[in-house]
Amino acid sequence: MRSLSSSPLAKRRWKNFKANRRAFYSLIIFLILTIIASMAEFVANDKPLIASYRGNIIFPIFSGAVTEDQFGGDEGLIAQYKDPAIQCLIITGGFIDCYDAPEIIIKNVSEGLIIDSNFHKGWMIWPIIPYSFNTINHDVVPAPGSPNKSHWLGTDDTTRDVMARVIYGFRISVGFAVVVVFVSSIIGIIAGAVMGYFGGWIDLIFQRVVEIWSNIPSLYIIIIMSAIFSMSFTLLTVLVALFSWTALVGVVRAEFLRARNFEYVRAARALGLSNFKIIFRHVLPNAMVATITMLPFLFTGAIGSLTSLDFLGFGLPPSYPSLGELALQAKQNLHAPWLAFTAFVVISVMLSLLVFIFEGVRDAFDPRKTFS
């Protein structure tokens with residue numbers, strides 16, 4: 001059986017997509033940004049990627065809570081790798097008291113002024129951004145801190161690195177949108193297919209249900225749920241998906257109403273195929289163009305909903321890195337324009353890239369569109 005990737009139809013669609021240069025380059029840029037965000041722990045973290053302690057190679061980024069006594073420090077305290085004393089303990093192998101002027105000790109070790117055969121001089125390799133999304137830099141005064149060589153996009157009002165929060169927030173936004181669109185598409189396509197294929201009383205009853213459901217104020221429901229339950233990523237995803245699927249019902253239903261009396265559908269019924277096979281094997285592929293046309297609105301709408309809810313304070317908990325929370329901080333700190341600039345640029349670029357990509361996908365699936 002010929003694979004889908006080698007079929008002439010798939011090749012034609014990919015050729016049409018590549019011919020749309022704006023969509024093709026937008027896809028490349030978005031994939032690069034998504035890959036970077038998916039590896040956020042390796043790009044922005046307050047733990048070293050790899051370290052050498054007494055000749056042993058360790059990977060702090062993969063380890064959980066490590067106490068200082070494992071490096072020769074105080075027992076029971078969680079090791080903070082950004083602390084100069086902990087860095088001194090790792091570099092000196094824990095054989096020197098690093099709690100008294102650790103910066104001077106590190107400098108002397110690095111310059112070879114302290115030579116002791118009892119310890120192996122250790123080292124650490126840090127990520128490009130040595131801060132995680134929740135790392136508080138107490139050396140930044142005042143807060144928010146302006147951009148500098150340590151914090152490329154500055155810090156927020158709690159001295160957390162903005163660049164790190166943008167990377168983690170980008171990943172959360174994309175992941176949230178993917179889950180919401182996936183769940184909404186399944187519900188909306190099934191509902192629209194059933195309504196359009198069977199028609200009659202089933203169509204009438206479901207239309208009334210869709211009308212009632214689509215007129216429920218989703219924002220009020222989310223506010224009520226956030227007051228009753230502790231909002232989490234899963235709960236917020238379910239709530240947004242439950243109010244997003246109705247956008248697909250209309251276009252899918254119209255395509256099925258149009259196609260259910262076509263000759264190939266009648267022939268399939270005459271051959272004894274079940275309604276399930278006719279719907280999903282024969283009619284649905286022909287309705288995919290209309291469905292894909294709506295996906296950009298669902299995807300960008302999901303990201304916009306998450307950003308708006310976080311901005312209003314009804315979205316994810318404050319502990320989550322969020323682009324909406326960054327926009328809220330920009331509103332509350334007008335004297336720190338880098339916060340507003342960063343939030344505007346990141347959200348605008350993300351949504352623009354997605355719109356361009358889905359525009360190319362829509363054209364690639366449209367049989368009326370051809371590119372030279």
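Quick caveat, the model's predicted, so the values are computed rather than measured.
Nearest heavy atom pair, residue W152 against residue D161, reads N-OD1, 4.4 Å. Looking at every heavy atom in both residues, L354 comes nearest to F30 through CD2-CZ, 3.6 Å. When all heavy atoms of L298 and S244 are compared, the pair lying nearest together is CD2-O, 3.4 Å. Between D46 and W126, the shortest heavy-atom contact is O-CZ3, 3.3 Å. Across every non-hydrogen atom of A177 and I303, the tightest pair is CB-CG1, 3.6 Å. Across all their heavy atoms, L257 and G196 have their closest contact at CD2-O, 3.4 Å.
Checked against the 6.0 Å centroid criterion, the rings of F358 and F299 qualify as a close aromatic pair. You'll find the ring centres of F17 and W14 inside the 6.0 Å limit.
Summarising the geometry, atom CZ belonging to F42 is positioned 5.0 Å from atom CD1 belonging to I61; distances are rounded to the nearest 0.5 Å. One distance of note links CE of M124 with NZ of K47; it measures 14.0 Å at 0.5 Å rounding. From S308, atom OG reaches atom CG of L323 across 11.5 Å, with rounding to the nearest 0.5 Å. In this structure, OG1 on T135 lies 10.0 Å from CZ on R160, to the nearest 0.5 angstrom. In this structure, CG in L33 is found 12.0 Å from CD1 in I28, a value given to the nearest 0.5 Å. Atom CD of E41 and atom CZ of R171 lie 4.0 Å apart (nearest 0.5 Å).
One N or O on the side chain of T159 and one on the backbone of N137 form a donor-acceptor pair closer than 3.5 Å. A donor-acceptor pair under 3.5 Å is formed between the side chain of T155 and the backbone N or O of G145. Side-chain N or O atoms of Y168 include none that pairs as donor or acceptor with a backbone N or O of S132 at under 3.5 Å. Distance alone, capped at 3.5 Å, places no donor-acceptor pair between the S348 side chain and the V345 backbone. Formation of a donor-acceptor pair under 3.5 Å by the S38 side chain with backbone atoms of I35 is found in this model. One N or O on the side chain of R165 and one on the backbone of F133 form a donor-acceptor pair closer than 3.5 Å.
Side chains of H151 and Y131 form a contact here, defined as non-hydrogen atoms less than 4.5 Å apart. For the pair P147/L153, no side-chain contact is recorded, criterion being any heavy-atom separation below 4.5 Å from C-beta on. Side-chain contact between Y81 and V66 is present, with heavy atoms from C-beta onward closer than 4.5 Å. Counting heavy atoms from C-beta outward, L328 and D310 have side chains that stay 4.5 Å or more apart. The shortest distance between side-chain heavy atoms of L49 and P127 falls below 4.5 Å. With a 4.5 Å cut-off on side-chain heavy atoms, F182 and T237 do not count as touching. Within the 4.5 Å cutoff, the side chain of K331 has heavy atoms near those of the F311 side chain. Side-chain contact between W213 and L242 is present, with at least one heavy-atom pair separated by less than 4.5 Å.
Residues Y53 and I50 do not share a hydrophobic cluster, defined by chaining ILVMFWY side chains whose heavy atoms lie under 4.5 Å apart. A chain of hydrophobic side-chain contacts below 4.5 Å, direct or via other Ile, Leu, Val, Met, Phe, Trp or Tyr residues, connects I32 to I167. I216 and V180 end up in the same hydrophobic cluster when Ile, Leu, Val, Met, Phe, Trp and Tyr side chains are linked at under 4.5 Å.
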Problem - Derivation and outcome, side chain to side chain contact (heavy atoms under 4.5 Å, CB included), residues V361 and L295 - result: CA-CA 10 Å; V361 173; L295 290 184; over 6 Å; no
Handout entry: CA sep, side-chain torsions, deciding dist, call: W245, V210, side chain to side chain contact (heavy atoms under 4.5 Å, CB included)
Key = CA-CA 10 Å; W245 62 272; V210 171; 4.1 Å; yes
Problem - Worked verdict on F356 versus L27 for side chain to side chain contact (heavy atoms under 4.5 Å, CB included) - result: CA-CA 8 Å; F356 294 153; L27 176 63; over 6 Å; no
Practice task
Would you check, one step at a time, whether the test side chain to side chain contact (heavy atoms under 4.5 Å, CB included) holds for L248 with S185?
Solution key: CA-CA 7 Å; L248 283 174; S185 299; 3.8 Å; yes
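In terms of the side-chain contact (heavy atoms from CB on, under 4.5 Å) criterion, residue partners of N333 (sequence neighbours excluded) are, by chain and number, P144, D157, Q329, H335, A336, L339.
Between the side chains of Q207 and D203, at least one donor-acceptor pair of N or O atoms lies under 3.5 Å.
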Please report, to 0.1 Å, the donor-acceptor pairs under 3.5 Å made by any side chain of residues 219-232, with sequence neighbours excluded.
| unit_1 | atom_1 | unit_2 | atom_2 | d |
| --- | --- | --- | --- | --- |
| S226 | OG | I222 | O | 3.2 |
| S226 | OG | I223 | O | 2.7 |
| S232 | OG | L235 | N | 3.4 |

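The 12-atom threshold is not exceeded at CZ of F297, counting heavy atoms of other residues, nucleotides or ligands nearer than 6.0 Å. Other residues, nucleotides and ligands contribute at most 12 non-hydrogen atoms within 6.0 Å of the CD1 atom of I128. The 12-atom threshold is exceeded at CZ of F233, counting heavy atoms of other residues, nucleotides or ligands nearer than 6.0 Å. Counting heavy atoms of neighbouring residues, nucleotides and ligands inside a 6.0 Å radius, atom CZ of R21 exceeds 12 of them.
A tilted orientation is assigned to the rings of H282 and Y264, their planes being inclined by 30° to 60°.
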